[in-house]
Amino acid sequence: MVVISANHPSEHWREYQQLLVELTLCTDQVFADTGHSVHLENPDLIVGKVLKLIQQTSRKNQWHS
């Protein structure tokens, strides 16, 4: 799982993001210098993280085949 967080969120938002990070042991948290619309302001970040997750999932599936 990937949690993408703003560098300067409110205290409440930071707490909510931390709860998401703690949902799994393998959560990757990334801090972005953007506002709320990360997908519009930094689409390369989103695409890169999605591709990384796909690659990781593909490797895990190959190990179990």
Side-chain angles (χ1 to χ4, degrees):
M1 181 165 93
V2 177
V3 176
I4 300 175
S5 305
N7 273 332
H8 306 288
S10 69
E11 186 59 34
H12 286 103
W13 193 255
R14 187 183 338 269
E15 290 172 9
Y16 296 139
Q17 296 286 291
Q18 188 60 39
L19 289 173
L20 290 173
V21 169
E22 293 172 2
L23 287 175
T24 72
L25 295 175
C26 57
T27 300
D28 183 18
Q29 185 174 25
V30 178
F31 292 93
D33 283 323
T34 64
H36 182 73
S37 300
V38 179
H39 63 293
L40 297 175
E41 297 175 47
N42 192 347
D44 291 340
L45 175 65
I46 303 300
V47 170
K49 290 300 173 182
V50 169
L51 290 174
K52 182 178 175 184
L53 287 172
I54 291 169
Q55 291 170 349
Q56 289 172 340
T57 302
S58 296
R59 278 190 232 122
K60 287 180 183 179
N61 287 339
Q62 288 174 356
W63 294 337
H64 292 93
S65 297

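All heavy atoms count here, side chains included; hydrogens, waters and symmetry mates do not. Remember, it's a predicted structure, so these values are computed and weren't measured experimentally. We count residues from 1, following the sequence as given.
Applying the 4.5 Å side-chain rule to ILVMFWY residues, one finds that F31 remains a lone member of its cluster. L40 shares a hydrophobic cluster with no other residue; no ILVMFWY side chain has heavy atoms under 4.5 Å from its own.
From S5, atom OG reaches atom OH of Y16 across 14.5 Å, with rounding to the nearest 0.5 Å.
Among residues at least two apart or in separate chains, salt bridge (Lys or Arg N to Asp or Glu O under 4.0 Å) pairs with a member in residues 33-50 are D28-K49. The list of salt bridge (Lys or Arg N to Asp or Glu O under 4.0 Å) pairs with a residue in residues 12-24, not counting sequence neighbours, reads E11-R14.
A single hydrophobic cluster is seen to contain both V2 and I46, as judged by linkage of ILVMFWY side chains at heavy-atom distances under 4.5 Å, directly or through other members. Taking hydrophobic clusters as Ile, Leu, Val, Met, Phe, Trp and Tyr residues chained together by side-chain heavy-atom distances below 4.5 Å, V38 does not share a cluster with W13. I54 and V3 fall into different hydrophobic clusters, where Ile, Leu, Val, Met, Phe, Trp and Tyr side chains are chained together by heavy-atom contacts under 4.5 Å. Both L45 and V50 are assigned to one and the same hydrophobic cluster, defined by single-linkage of ILVMFWY side chains at heavy-atom distances under 4.5 Å.
Applying the side-chain contact (heavy atoms from CB on, under 4.5 Å) criterion to L23, with sequence neighbours excluded, gives M1, L20. In this view, T34 satisfies the side-chain hydrogen bond (donor to acceptor under 3.5 Å, both in side chains) rule with no residue, not counting sequence neighbours. Residues satisfying the side-chain hydrogen bond (donor to acceptor under 3.5 Å, both in side chains) test with T24, not counting sequence neighbours, are T27.
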